[in-house]
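Encoded as structure tokens, the structure appears first; notes follow it.
The structure presented is a predicted model; accordingly, all values stated were derived computationally and were not measured.
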Amino acid sequence: MTMAVIAMLCVLFVLLFAKVPVFLAVFGASAVYFLLTPGLNAAIFAQQAITGTESITLLAIPFFVAAGVLMNNAGVTQRIMNLAIVLTGRLRGGLAQVNIVLSLMMGGLSGSALADAAMQSKILVPAMVKQGISRTFSSVLTAASSIITPLIPPGIGLIIYGSIAHVSIGKLFVAGIVPGALLAVIMMFLVSRISKRRGYEPLRTTRPKTREIAGPFRHAVLPLCLPVIIIGGIRFGIFTTTEAGAVAVVYVVLLGLFYRKLKARDLLGGLKETIVTTASILLIIAAAATFSWILTREMIPQQFSQLIVGSIHNEWLFLLAVGAFLLIVGMFIEGNATMIVLVPLFAPIAATFGLDPVHFAMVFIFANTVGAFTPPVGTLMFVVNSITKTKTADFIREAVPFYALFGGFLLLLMFVPLLSTGLVNLLY
């Protein structure tokens, strides 16, 4: 590596560790490279940043963000939560089980782990505390269950990964369904065991009657059709991923009008929040485009690939190394930054080992998301704690069983590719 590249990487990691916003850290590091490389036209810096955001696929991000933001105002969240309460009311833990099921159901609507965690911290945690569940456990579970959300379509992380690694976003959407559902089931089992030990009682002891289920299901069936419409439409070529996002927005707005919950001020507020969120994501992607161009120009991915392939001769060892590396990096660096820097490096190497790109994507995305749950920088942890007023030290102590669960699930995701590719192969 040249001195310019070394200086660029040093500046990048220093800025990231200093908690400078991700896009500024990446732009700043890239600017250092241009300053230290003689004869390199500075106009390329701006050209690559602009080009990186011109992909039609990326238009899906503001659409899905808008759908997720407007969903709460449209009365969708409460309807789905009512159904989750009926379905899980007899399980030990009561609202703790509702927390997990709600994340599974809402994953197909919000697409954002942080949005899911913030929403449930405000709505469910106070109710869980009233039920007798400790505030710390409620906070930990809320952060942990939101990790399901990025795996369920239309997760924003799936769109970003597909755009960077040039993997079919439609296939990634389908691939996340089984891992997301399985993770929810395993997490519910863990919560049941903890609840039994601590005496967290179910919400009800009798089996719900058919009419008790029918009411909430009837109220929630229209919102729950949205993921089916998105995946079905993409799979059968009715619309592209971007057009699916537009369909999602229209569908949520129509639901809000049908339920008479969505007011003009809610719509304007939702659009404002969408603009702010989308701008922050696209700034990161623009910075990533410039950074990726520099890596390609310096042939860093090729050199890194030769180094890895020369020292690791087995695809399973490679997956283990990547998983462990992402978990460690996630303790210090925000997830979007990790994806921007490491996807262009690791994805080509995975292809060299013959790993299915969809399988590797699911391993990468899950390991990267778990990093948001771990200290010291875990964004999920801090978002939840800031809302519920939970101490970080208490959170970490309570989260130990979930760290073990996520580590075991990551190994399962690595060594059983069928979890990620089975449904994709069936549908595609």
Side-chain angles (χ1 to χ4, degrees), residues 55-81 83 102-116 118-119 146 148-163 168-177 180-181 219-264 266-282 285 365 427:
S55 169
I56 292 294
T57 304
L58 293 178
L59 278 175
I61 293 176
F63 286 132
F64 283 122
V65 169
V69 170
L70 294 174
M71 181 180 54
N72 288 332
N73 297 333
V76 172
T77 302
Q78 188 61 50
R79 289 169 180 267
I80 294 178
M81 188 167 74
L83 177 60
L102 187 60
S103 289
L104 179 64
M105 292 180 173
M106 295 292 288
L109 301 173
S110 69
S112 167
L114 289 177
D116 181 69
M119 179 269 295
S146 65
I148 299 170
T149 302
L151 298 177
I152 302 295
I156 302 300
L158 298 172
I159 299 173
I160 295 175
Y161 184 99
S163 301
S168 167
I169 296 174
K171 288 185 177 181
L172 292 181
F173 279 2
V174 173
I177 295 173
H219 292 150
V221 67
L222 290 178
L224 292 176
C225 285
L226 180 56
V228 178
I229 293 171
I230 292 171
I231 295 174
I234 293 173
R235 170 62 189 90
F236 294 107
I238 300 172
F239 39 69
T240 65
T241 304
T242 301
E243 291 165 346
V247 169
V249 173
V250 173
Y251 191 81
V252 171
V253 170
L254 289 177
L255 283 180
L257 296 176
F258 179 72
Y259 295 146
R260 298 181 180 179
K261 292 284 187 179
L262 192 63
K263 308 300 181 183
D266 297 326
L267 184 61
L268 291 175
L271 292 176
K272 180 181 178 181
E273 186 176 343
T274 298
I275 292 170
V276 173
T277 303
T278 303
S280 65
I281 294 173
L282 290 182
I285 292 174
I365 291 168
L427 293 180

From Ile238 atom CD1 to Glu243 atom CD, the distance as rounded to the nearest 0.5 Å: 11.0 Å
Nearest-0.5 Å distance that lies between atom CG in Leu151 and atom CD1 in Ile365: 7.5 Å
Spacing of CG belonging to Leu102 relative to OG belonging to Ser146, to within rounding of 0.5 Å: 11.5 Å
Residues Ser103, Ile152; criterion side-chain contact (heavy atoms from CB on, under 4.5 Å); working and verdict: CA-CA 9 Å; Ser103 289; Ile152 302 295; over 6 Å; no
Distance (rounded to the nearest 0.5 Å) between Leu172 CG and Ile160 CD1: 12.0 Å
Results of side chain to side chain contact (heavy atoms under 4.5 Å, CB included) for Lys272 - residues two or more places apart only: none
Verdict with supporting geometry, Tyr259 and Arg79, side-chain contact (heavy atoms from CB on, under 4.5 Å): CA-CA 11 Å; Tyr259 295 146; Arg79 289 169 180 267; 3.2 Å; yes
Interatomic distance, Lys263 atom NZ to Leu257 atom CG [nearest 0.5 angstrom]: 9.5 Å
Residues Leu70, Asp266; criterion side-chain contact (heavy atoms from CB on, under 4.5 Å); working and verdict: CA-CA 8 Å; Leu70 294 174; Asp266 297 326; over 6 Å; no
From CZ (Phe63) to OG1 (Thr278), nearest 0.5 Å: 10.0 Å
side-chain contact (heavy atoms from CB on, under 4.5 Å) assessment of Ile159 paired with Phe173: CA-CA 9 Å; Ile159 299 173; Phe173 279 2; 3.9 Å; yes
Distance-minimising heavy-atom pair for Pro223 and Ala220: CD-O, 3.0 Å
Short side-chain to backbone donor-acceptor contact, Tyr251 and Ala67, under 3.5 Å: no
Side chains of residues 224-232: which donor-acceptor partners sit under 3.5 Å, not counting sequence neighbours?
none

Heavy-atom closest pair, residues Leu158 and Pro150: CG-O, 3.5 Å
Close side-chain approach of Val174 and Pro153, heavy atoms under 4.5 Å: no
